Amino acid sequence: MNKKVDQQSADNIRALAVAMVEKANSGHPGGPMGGADFMHILYSEFFNYDPSDMKWPFRDRFFMDAGHLSTLMYAQYYLLGNYEKDDVANFRQWGSITPGHPEVDVERGIENTSGPLGQGHTMGVGAAIAAKFLQARFGDWMNHKIYGFISDGGVQEEISQGAGRIAGHLGLSNFIMFFDSNDIQLSTSTDEVTTENTAMKYEAWGWKVITIDGHNHDEIRKALTDANNETERPTLIIGKTIMGKGCVTADGKMFEGECELHGQPIGATGADYTKTLLNLGANPESPFDIFDDVNEFYKNLLKEKIAKAAEKKAEIAVWKNKNQALSDKLDFFLSGKLPELDFESIEHKAGLATRAASSGVLAYLAEKVENMIVSSADLSNSDKTDGFLKKTHALKKGDFSGSFLQAGVAELTMACIANGIALHGGIIPVVATFFVFSDYMKPAMRISAIQELPVKYVWTHDAFRVGEDGPTHQPVEQEAQLRLLEKLKNHSGKPSLLALRPADSAETSVAWKMALENQDTPTGLILSRQGIKDLPASGKSRYNDALAAEKGGYLVKEVENPDVVLIANGSEVATLVAAAELLEAEKGLKVSIASIISEGRFRLQTKSYQESVIPKNKPLFGLTAGLPVNLEGLVGDHGKVFGLDHFGYSAPASVLDEKFGFTGEKVCNQVLEYLKTV
């Protein structure tokens with residue numbers, strides 16, 4: 001322990017944060033100045049990782065919630081050698097690896113993308129669940145910690161309710177979170193928006209809570225020591241800190257704890273940039289330097305970290321030699337590979353709802369894929385994830401041998417936890433709810449897409465055929481939102497989401513195959529509540545036919561030189577089959593039918609393949625239970641889409657089909673009316 005270098009290190013972090021924001025003329029300097037003491041003590045004395053092997057699976061992990069405090073992370077990791085001087089000097093600039101809000105970059109220590117408050121620490125909860133899950137299967141030697149860092153905004157975001165409740169309920173003793181409590185928000189002081197007792201709230205959820213002076217290094221050490229020794233509960237360390245710690249005015253007076261220090265360069269506030277750097281021990285002429293004593297300290301620290309990690313790796317090697325079968329299984333989990341799966345062997349009864357077909361697939365996967373966690377928002381018996389649950393049991397405090405997370409009614413929290421599970425690695429996360437409640441999940445789905453995480457979303461009750469529950473429960477516009485995400489490219493240039501709406505049981509099996517094999521982006525399965533008549537097989541088996549869905553779309557019914565090509569996905573494909581029978585029998589028309597399970601995937605195919613399914617020189621008619629825009633891009637300017645342009649109503653599904661025009665006979669008439677116009 002060296003009190004002088006500890007203080008210098010914290011002040012160096014403060015100076016770097018101030019300089020980054022000032023040079024960029026954009027950012028949030030005050031919070032990083034308050035959190036600098038905690039970060040230095042955490043990383044110098046408690047955080048276990050291997051600087052020479054940043055992706056070491058058994059490292060401690062740090063999840064930032066307050067993404068606007070990115071300079072706090074960049075400054076700390078610069079001291080640790082993860083960034084160069086030019087990197088921190090080019091904060092928030094084009095091409096820089098130090099963006100305004102941190103973006104996942106494990107090689108440099110950034111475990112998660114953050115920015116939307118509340119999600120970062122909730123992903124940390126997910127990572128802690130993943131670590132407990134693996135520890136239950138491979139041994140207590142797997143004892144790495146998950147650290148979170150949260151601000152007042154993250155505590156206030158509603159998602160913190162779900163994250164706090166679930167972490168406490170499960171007894172995530174491997175999760176330690178620092179609350180940077182500085183009483184200042186972006187536009188107000190906290191006392192203008194809340195009077196809650198945060199400590200009592202977390203204690204009520206089952207957390208260990210420690211309140212400290214967030215600038216007292218001895219108190220930080222003791223709190224982190226106590227948190228690391230805790231075996232029953234997650235720990236919240238409430239650090240009372242000062243916004244803009246170390247800021248001074250032009251005449252040298254302290255200017256700390258001011259709201260204006262939160263979200264702008266300090267030179268634009270009552271503080272003075274040059275005098276503040278001098279007060280912190282920095283050189284205003286070269287503000288991105290690491291102080292000499294700090295540089296020497298951190299160089300030695302890195303050697304110590306590598307040596308300590310080597311000791312842990314040696315311990316793990318002994319375990320591996322004694323437990324070869326378990327070791328091989330662990331390596332397989334961490335590889336991201338799938339076991340051999342035979343989706344064709346999964347038998348489905350005739351005419352199932354696709355949610356029921358999905359249940360059968362999940363029951364099969366429960367026995368074949370050992371590193372999968374399935375979660376449901378209190379709907380397992382309705383979204384049919386109970387097919388998986390019946391083959392395992394729920395995770396609970398002190399027993400993580402199961403594979404099912406009962407999240408309760410908390411769709412956003414559940415989805416965000418799944419992101420954290422995926423970020424940790426070694427486990428495949430699946431989350432399920434009703435399709436209309438995907439609206440609650442959108443913020444986490446977007447972060448899934450940005451981080452390119454292979455989370456599997458399962459949405460059931462996919463259309464107005466939810467029926468009697470009425471318009472609040474009948475999705476209409478939701479599929480259009482997902483199809484937009486299929487059109488939005490991620491930073492790897494791929495569609496940011498794979499959205500799959502299967503047309504029958506066979507396509508549901510194929511959709512699950514596609515979902516599990518997609519390790520580059522999140523996948524959404526959109527499934528029906530009501531039974532669907534199985535599509536006719538044209539080859540050796542319906543499953544074999546449905547494998548063509550892996551291209552995003554294919555012809556389920558193909559004739560030479562068709563008079564019209566009908567296009568749909570999901571349960572509407574079966575309605576088109578019924579309409580086609582009438583068109584052929586009563587009008588002598590030749591009809592082809594295309595099932596487009598994913599327009600995003602379909603658009604990745606060759607132009608010749610796309611035209612073989614949807615020829616541009618033929619009349620094209622689309623049918624969708626959602627907004628017409630779902631299919632308008634497929635039918636083109638001269639095609640016709642029949643869909644909904646209004647909310648649903650409360651009535652039995654069969655009545656709604658009749659009233660809304662979704663029967664074979666009514667669709668037949670719609671097609672005939674369309675053909676009169678071409």
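Source: prediction; values computed, not measured. Atom set for the values below is all heavy atoms of this structure, side chains included, hydrogens, waters and symmetry mates excluded.
Across Ala366 and Lys391, no two heavy atoms sit closer than the pair CB-CB, 3.5 Å. Closest approach of Ala594 and Val613 over heavy atoms only: CB-CG1, 3.8 Å. In this structure, Asp65 and Gly118 approach most closely via the heavy-atom pair OD1-N, 2.9 Å. Nearest heavy-atom pair across Cys416 and Ala444 is N-CB, 3.8 Å. Considering all non-hydrogen atoms of both residues, Leu535 and Asp504 come closest at N-OD2, 3.1 Å. Contact detail for Ser528 and Gln530: the closest heavy-atom pair is OG-O, 2.9 Å.
Going from atom CD1 of Ile450 over to atom NE2 of His101 covers 11.5 Å, rounded to the nearest 0.5 Å. If you take CG on Leu631 and CG on Leu620, they are separated by 11.0 Å, rounding to the nearest 0.5 Å. Taking OG1 from Thr624 and CD1 from Ile596, the interatomic distance works out to 12.5 Å, rounded to the nearest 0.5 Å. Atoms CD and CG, from Glu586 and Leu672 in turn, are 9.0 Å apart once rounded to the nearest 0.5 Å. Note that CG of Leu389 is 9.0 Å distant from OG of Ser376, once rounded to the nearest 0.5 Å. Atom OG of Ser448 sits about 8.5 Å away from atom CD of Gln119, to the nearest 0.5 Å.
In His169, the NE2 atom is not crowded: 12 or fewer heavy atoms of neighbouring residues, nucleotides or ligands sit closer than 6.0 Å. Atom NZ of Lys487 sits in a crowded spot, with more than 12 heavy atoms from other residues, nucleotides or ligands closer than 6.0 Å. The neighbour count for His638 NE2, taken as heavy atoms of other residues, nucleotides or ligands under 6.0 Å away, does not exceed 12. No more than 12 heavy-atom neighbours from other residues, nucleotides or ligands sit within 6.0 angstrom of CZ on Arg446. Atom CD of Glu665 has 12 or fewer heavy atoms from other residues, nucleotides or ligands within 6.0 Å. The 12-atom threshold is exceeded at NZ of Lys397, counting heavy atoms of other residues, nucleotides or ligands nearer than 6.0 Å.
Between the side chains of Asn518 and Thr521, a donor-acceptor pair is found at a separation under 3.5 Å. Under 3.5 Å, the side chains of Thr413 and Thr122 contain no donor-acceptor pair of N or O atoms. Side-chain contact, Glu507 with Tyr543: no donor N or O sits under 3.5 Å from an acceptor N or O. For Arg465 and Ser571, the side-chain atoms include at least one donor-acceptor pair closer than 3.5 Å. Side-chain contact check for His121 and Ser114: no donor-acceptor pair (N or O, by modelled atom type) lies under 3.5 Å. Asp378 and Gln406 share no donor-acceptor pair across their side chains, judged by distance under 3.5 Å alone. Thr433 and Tyr440 share no donor-acceptor pair across their side chains, judged by distance under 3.5 Å alone.
For Lys456 (side chain) and Pro454 (main-chain N/O), a donor-acceptor pair under 3.5 Å exists by modelled atom type. A donor-acceptor pair is defined here as one N or O able to donate and one able to accept, closer than 3.5 Å; no such pair exists between the side chain of Ser380 and the backbone of Asp386. No side-chain donor-acceptor contact under 3.5 Å links Thr354 to the backbone of Ala357. Side-chain N or O atoms of Ser160 include one that pairs as donor or acceptor with a backbone N or O of Val155 at under 3.5 Å. Between the side chain of Arg165 and the main chain of Trp205, no donor-acceptor pair closer than 3.5 Å is present. The closest donor-acceptor contact from the side chain of Ser403 to the backbone of Thr392 lies at 3.5 Å or more, if one exists at all. Remark: side-chain polar atoms of Asp545 are not paired, donor with acceptor, to backbone N or O of Ala537 under 3.5 angstrom. Between the Ser438 side chain and the Met441 main chain, no donor and acceptor come within less than 3.5 Å of each other. A donor-acceptor pair under 3.5 Å is formed between the side chain of Thr113 and the backbone N or O of Val104. At distances below 3.5 Å, not a single donor-acceptor pair connects side-chain atoms of Glu411 with backbone N or O atoms of Ala377.
Considering only heavy atoms from C-beta on, Val564 comes within 4.5 Å of Leu675 through its side chain. For the pair Leu627/Leu644, no side-chain contact is recorded, criterion being any heavy-atom separation below 4.5 Å from C-beta on. Using a 4.5 Å heavy-atom threshold, the side chains of Trp512 and Thr523 count as separate. Using a 4.5 Å heavy-atom threshold, the side chains of Pro471 and Tyr649 count as separate.
A distance below 6.0 Å separates the ring centres of Phe434 and His461. Taking the six-membered ring wherever Trp is involved, the centroid distance between the rings of His646 and Phe660 falls below 6.0 Å. For Phe642 and Phe662, the distance between ring centers is under 6.0 angstrom.
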Pairs under 3.5 angstrom only: tabulate donor-acceptor contacts from the side chains of residues 489-502 to other protein residues two or more places apart or in another chain.
| unit_1 | atom_1 | unit_2 | atom_2 | d |
| --- | --- | --- | --- | --- |
| Asn490 | OD1 | Ser492 | N | 2.9 |
| Asn490 | OD1 | Gly493 | N | 3.1 |
| Asn490 | OD1 | Lys494 | N | 3.1 |
| Ser492 | OG | Glu452 | OE1 | 2.8 |
| Ser492 | OG | Glu452 | OE2 | 3.0 |
| Lys494 | NZ | Asp520 | OD2 | 3.1 |
| Ser496 | OG | Leu485 | O | 2.7 |
| Ser496 | OG | Leu488 | O | 3.0 |
| Arg501 | NE | Asp462 | OD2 | 2.8 |
| Arg501 | NH1 | Asn569 | O | 3.2 |
| Arg501 | NH1 | Asn569 | OD1 | 2.7 |
| Arg501 | NH1 | Glu572 | OE1 | 2.6 |
| Arg501 | NH2 | Asp462 | OD2 | 3.0 |
| Arg501 | NH2 | Glu572 | OE1 | 3.4 |
| Arg501 | NH2 | Glu572 | OE2 | 3.0 |

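Take Ser509 and apply the side chain to side chain donor-acceptor pair (under 3.5 Å) test, not counting sequence neighbours, and it matches His348. Not counting sequence neighbours, Glu344 has no partner by the salt bridge (Lys or Arg N to Asp or Glu O under 4.0 Å) test. A search for side-chain contact (heavy atoms from CB on, under 4.5 Å) contacts involving Glu517 returns Leu338, Lys513, Glu550, not counting sequence neighbours. Residues satisfying the side-chain contact (heavy atoms from CB on, under 4.5 Å) criterion with Lys132, sequence neighbours excluded, are Gln135, Leu172, Ser173, Asn174, Phe400. Residues meeting the side-chain contact (heavy atoms from CB on, under 4.5 Å) test with Lys368, sequence neighbours left out: Leu341, Tyr364.
Salt-bridge annotation for Arg603 and Glu486: absent, with no side-chain N of the basic residue lying under 4.0 Å from a carboxylate O of the acidic one. Between Asp383 and Arg355 there is no salt bridge, since no side-chain nitrogen of the basic residue lies less than 4.0 Å from a carboxylate oxygen of the acidic one. For the pair Lys557 and Glu584, the salt-bridge criterion is met [side-chain N within less than 4.0 Å of a carboxylate O]. Classification of Arg483 and Glu599 as a salt-bridged pair fails, no side-chain N sitting under 4.0 Å from a carboxylate O.
In this pair, Trp459 and Phe435 present their aromatic rings tilted. The plane angle is within the 30 to 60° band. Ring planes of Phe621 and Tyr674: tilted class, angle from 30 to 60°.
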